[in-house]
Each structure stands twice: as C-alpha cells, then as structure tokens.
Amino acid sequence: MMKTESVLLHPLGTAAAPVPETLCIFGTGDLGRSLGLRLLQSGYGVVYGSRRPHSCGPLPQGAQVTSHAAAAAQSASLVFICVHREHYGFLETMAHHLKGKVLVDLSNNLKKGMYPEANAAYLQRLVPGAAVVKGLNTLSAWALQNGLLAGKRVYLCGDSAEAKRAVAEMSTKLGLSVLDRGSLSAARELEDFPLQLFPEWRLPLRVAVGLTAFFFFYLLTRDVIYAYVEEGKDISYRITVSLGNKVFPIVSLCMLSLCYLPGVIAAFLQLYRGTKYRKQMGLIALGYAFLHAIHTCVTSNRYPVRHELLSEAVDEMKNNKSALLHFDNTKAWGQDSFYALGILGFFLYVLLGLTSLPSVGAALSWREFNFIQSKLGHLTLFICTAHGYIYGWNKFLRPSTYKWYTPPGYLLCLIVPSVVLVLKAVVLLPCVDRTLTRIRGGWERTRPNEEIEKATNL
C-alpha cells in the first residue's frame, strides 16, 4: 500500500511572503522620517521609538510607532539613533534592552570641538553592551526623501567588524557606497565632515578672487583713473559693465590655463627624474566665461554706446559727409575671426563643464572622458588664447597702449596660457612623447652611479 504525501498548497498569488527584517529608529524628526521612508521602500520593516508616540506627527505609511522602551525591546538588531546628543540620556536607562544590538549614530554637531569627546564615543560609554557604529551622518533628510542616494558615498567607523558589516549591507541595499574608516576613534573626524564648507573649492576660489581683484584695480587705474588724471575725462560709468567685461575674460583665461599648467610641469619633472584642484578651477573659469558672454551681449544696448553712434551720425549730417567710409578688409577679417573664435571657445568651455558633472562623466568611458578633458581642453585653451591675441592685434606696438608705462591687461593674461601651450607643444614632440609614455608605463632611467654600483656588486 502506497503512502501518499500531503503538501500544503497556497492559492495562486497568495504564497507566504518572507517576513521583512525589522529595523528600529529612535527619533521622529525630519531625518528619522526620511530614513524610515527609504528603509520601507527598500523592503525593511520599520519601528519608531518616540517619547510621544501618540503625537509625533505623520510617519511613513507602513511604519509602527511606540515608546523608546517598547521599541528597544523588539527583535530589531539595528537601531538608528536620530536624536541630538543632548537627548542621549534616556538610552542609559534602557541599556539592558539594547545589549547586543547595533546602534547606528547619525548625529552631528553645530560646530567643531563642541564636546570633549565624539558623540559616538559618548553613546558607547552610555550603552557599553551595544556595538556603536558611526555612519550615515553625511546624508541629509532631503536626499533621503528624494531618493538621491545612488552611488553616494557614506563613511562608517566602529570597533565591531560584524556590526559594521551589518550596517554596510543595509547601506548597500539603499544604493549607497560604503567606505570603512576604521575604529570608533575616527568618529570625531566623521562628525566634522558635514561641517566642512566647500573644502575643495577654497584654493580655486581664493585664486579667482585674487586674480579678479588684481586685474580689476589694475584696469581701473589704467582706464578710469588715467583718463581722469591725464585727460580730465570722467568715465567712471565704465566700472559697472565695460571694466567687468575686461576682467572676466582675463580671469577666465588665466584660470583655464592654470588647469593645465600643473600637467605640463609634471611632464617635464617626469622627464627630468625619470619617474611618474583642476575641476574646480575649470568650473570657475566657465563661470567667468559666462559672465563675459552675457556682458558682451548687452554691450550694444548700453547708453554710452548708443550715444556715441548717434553722435557720429549727427556729426556727419552737420558736416555734410555723404561719402562712404573706406571699408577696411583686414579689420573686417580680424573682427569676424575674433567673434568666431570667441563663440567656438565658449562652446568648448560649456562642453568641458558638462562632462565634469558626475552624471555626464559616468556615462563616458575613460578614453572618452580623457579625450574631452585633455585634448579638447587644450584645444579650448588654444582657441581662447588666439581670441585674446586677435583682440590685441597690433595694439601692443602703439606707445599710447602703455598708459603710465604699464602693459594692457589682455597682454598680461596671455603670458600664462602662452607658456602652457608652448610647453604642451614641446611635450607633444614625438621624441619627448615617446619617453613620457615609457616612464608612465613603469620605465625608470638608470643613473650612472647605480650602473657602477650594480657592476661592483656583480
């Protein structure tokens, strides 16, 4: 007699779903609500611990809310601390509930050195039986709400490798990129990260402000003050637009050339030795190029320009000058070339700026990105430098150009880009480029002393 095996069948579409892992969040503020919403969207169950569970405001749909003690007593292995340090006192009273759990400290301070010890270290001292992990404190509530987490880097530190592994797995499910910073002693460093204000932009901005101030006062002295002192003319109205339209392209070209100056210098150092803040400067240069383009577009609508044109027309009518003016073909070629190079250079500027954006750069291969940023970058520098040379044309030959024996601003700004282009041209020579390629591939020049020493050892 055959035995029949019974199998428990579920109706189609009603199969028993796996129970989601439950995570606990202490704190129902903006950060706690945003983090809970993101966790729910990633398939986790969320339990909130609140001091006022019945009046804590709207929470994400699907989340539970209870008191801190009741939430800590549940089986959640990860507990996110989304409250300020000054409210950590209640955690000490429920240390027995939190024993063996992983506490993720997301707190930040208002300023550096606000407390003698890091918040995470203080939390570990309050709850010694739990494993404290400092992390996710660089995420904002806005980024969590809008799902802007793909590829975003977060930092973790803690004394327990297993605890950090659990937090890292959860972070990866949220789409984050995790970097382990070591033990809990690095917590203060992590807590200072959100307090940094554009750390990578400080030097480029200082260079840009310094160049802007120098050329502004330099051109102010040459153009406005010189006209007032020597010629008795008050042209101070030019400070607002005309002077700025000279300063912006000068600073833009200087900043762009400074992007590539370290590269050619490094190439020559490699040749000599035989061994092996660009993005920010480039974006600042693009900003100045935008200002220059906008100022150029509004130049023809300015009152002084229209007044000058009307004055010339009235003067011709009074003097009965009906003969056509002589057409200078060379001047026409120069002006059209000047504008054509300016438009093309600005287009390449914008292209460089777009490819520096993470979303655009990620869609390019390394070869494509390197081609745009290096080859097209140097081409942009060449075109913009030619744009400046055509602007100057033969003005540098006129003695009247050197007011108070000082060279014009455009002549000063062409020095650095010209040096960069000349050095780049030398580096591109086949004999030099071949040697550089070998060096970057690992080849090192053997010095005579080293050869003698090797021979002696043999």
Side-chain angles (χ1 to χ4, degrees), residues 21-36 38-39 44-53 56 59 63-110 113-139 154-171 174 178 180-194:
E21 181 182 356
T22 301
L23 304 180
C24 180
I25 300 176
F26 283 174
T28 55
D30 290 339
L31 180 60
R33 289 198 301 267
S34 303
L35 177 60
R38 189 63 180 172
L39 291 173
Y44 289 101
V46 176
V47 176
Y48 282 97
S50 174
R51 54 186 173 180
R52 291 189 296 270
C56 59
L59 295 174
Q64 304 176 28
V65 59
T66 182
S67 64
H68 288 132
Q74 295 199 20
S75 60
S77 59
L78 288 180
V79 180
F80 297 91
I81 311 300
C82 298
V83 297
H84 293 287
R85 174 189 172 122
E86 52 266 27
H87 302 304
Y88 279 3
F90 75 93
L91 295 170
E92 191 173 13
T93 62
M94 58 183 69
H96 59 288
H97 289 304
L98 299 174
K99 186 176 181 180
K101 296 181 182 292
V102 178
L103 304 185
V104 186
D105 180 25
L106 287 81
S107 65
N108 290 311
N109 297 321
L110 297 177
M114 193 171 177
Y115 298 101
E117 61 180 341
N119 296 350
Y122 173 61
L123 178 60
Q124 184 67 83
R125 187 159 54 83
L126 291 177
V127 192
V132 175
V133 175
K134 183 70 183 185
L136 309 185
N137 60 308
T138 54
L139 297 178
V154 293
Y155 304 94
L156 302 178
C157 72
D159 294 331
S160 172
E162 293 183 2
K164 288 190 291 185
R165 190 180 304 113
V167 179
E169 290 176 358
M170 180 277 306
S171 302
L174 297 185
V178 181
D180 190 347
R181 302 288 292 190
S183 66
L184 201 61
S185 59
R188 183 178 290 278
E189 180 184 358
L190 268 61
E191 292 171 3
D192 289 341
F193 279 171

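Since the model is a prediction, treat every value here as computed from it, not as a measurement. Just so you know, residue 1 is the first one in the sequence shown, and it goes up from there.
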Distance in Å, His84 NE2 paired with Asn109 CG, rounded so as to fall on 0.5 Å steps = 10.0 Å
Pair Glu117 + Arg188, salt bridge at N-O below 4.0 Å = no
Trace of the side chain to side chain contact (heavy atoms under 4.5 Å, CB included) decision for Val127 with Leu103 = CA-CA 9 Å; Val127 192; Leu103 304 185; 4.1 Å; yes
Give, for atom CG of Leu35 and atom CG of Leu136, the distance between the pair rounded to the nearest 0.5 Å.
-> 7.0 Å
Apply side chain to side chain contact (heavy atoms under 4.5 Å, CB included) to the pair Val79 and Val102, showing each step before the final yes or no.
-> CA-CA 6 Å; Val79 180; Val102 178; over 6 Å; no
Quick one: do Tyr122 and Tyr115 satisfy ring pair (Phe, Tyr, Trp, His ring centres under 6.0 Å)? Show the steps, please.
-> CA-CA 10 Å; Tyr122 173 61; Tyr115 298 101; 7.9 Å; no
Taking all non-hydrogen atoms of both residues, which atom of Ser171 and which atom of Val178 are closest, and how far apart?
-> CB-CG2, 3.6 Å
Check: Phe80 ring centroid to Phe26 ring centroid under 6.0 Å = no
Could you tell me the separation between the CD atom of Glu169 and the CG atom of Leu174, rounded to the nearest 0.5 Å?
-> 12.5 Å
Taking Asn137 for the side chain and Leu190 for the main chain, is one N or O donor matched with an acceptor at less than 3.5 Å?
-> yes
What are the two closest non-hydrogen atoms of Gln124 and Ala130, and how far apart are they?
-> NE2-O, 2.8 Å
Give a yes or no answer on whether the side chain of Glu162 reaches the backbone of Arg165 with a donor-acceptor pair at less than 3.5 Å.
-> no
Distance-only, no hydrogens or angles: does the Lys164 side chain make a donor-acceptor pair with backbone N or O of Gly158 under 3.5 Å?
-> yes
With distance as the sole test, does Tyr48 use its side chain to make a donor-acceptor pair with the main-chain N or O of Gly32 at under 3.5 Å?
-> yes
Should Ile81 and Val104 be marked as a side chain to side chain contact (heavy atoms under 4.5 Å, CB included) after you check the CA-CA gap, both sets of side-chain angles, and the distance that decides it?
-> CA-CA 6 Å; Ile81 311 300; Val104 186; over 6 Å; no
Say whether, by atom type as modelled, one donor and one acceptor occur between the side chain of Lys101 and the main chain of Ala76 under 3.5 angstrom.
-> yes
Provide the closest heavy-atom pair for Arg181 versus Tyr155 in the form atom of the first, atom of the second, distance.
-> CD-CD2, 3.6 Å
Indicate the atoms forming the closest heavy-atom contact of Cys56 with Pro53, along with that distance.
-> SG-O, 3.8 Å
Within the distance-only criterion (no hydrogens, no angle test), does the side chain of Asn119 pair as donor or acceptor with the backbone N or O of Arg85 below 3.5 angstrom?
-> no
Which atom of Val46 lies closest to which atom of Gly36, heavy atoms considered = CG2-O, 3.8 Å
Acceptor/donor pairs from residues 87-98 side chains to any protein atom, 3.5 angstrom cut, sequence neighbours excluded:
residue : atom : partner : partner atom : Å
Tyr88   : OH   : Asp105  : OD1          : 2.6
Tyr88   : OH   : Ser107  : OG           : 3.0
Thr93   : OG1  : Phe90   : O            : 2.5

OG of Ser183 to CG of Asp159: how many Å apart, nearest 0.5 Å?
-> 5.5 Å
Quick one: does Glu191's side chain have a donor or acceptor within less than 3.5 Å of a partner on Leu106's backbone?
-> no
Give the minimum heavy-atom separation between Ala71 and Thr66, together with the two atoms involved.
-> N-CG2, 3.6 Å
Output every pair passing side-chain hydrogen bond (donor to acceptor under 3.5 Å, both in side chains) with a member in residues 22-35, not counting sequence neighbours, ordered by first then second residue.
-> Asp30-Arg33, Ser34-Gln145
Is there a side chain to side chain contact (heavy atoms under 4.5 Å, CB included) between Met170 and Leu39 once you walk through the steps?
-> CA-CA 9 Å; Met170 180 277 306; Leu39 291 173; 3.8 Å; yes
Excluding sequence neighbours, so at least two apart, what forms salt bridge (Lys or Arg N to Asp or Glu O under 4.0 Å) with Arg51?
-> none
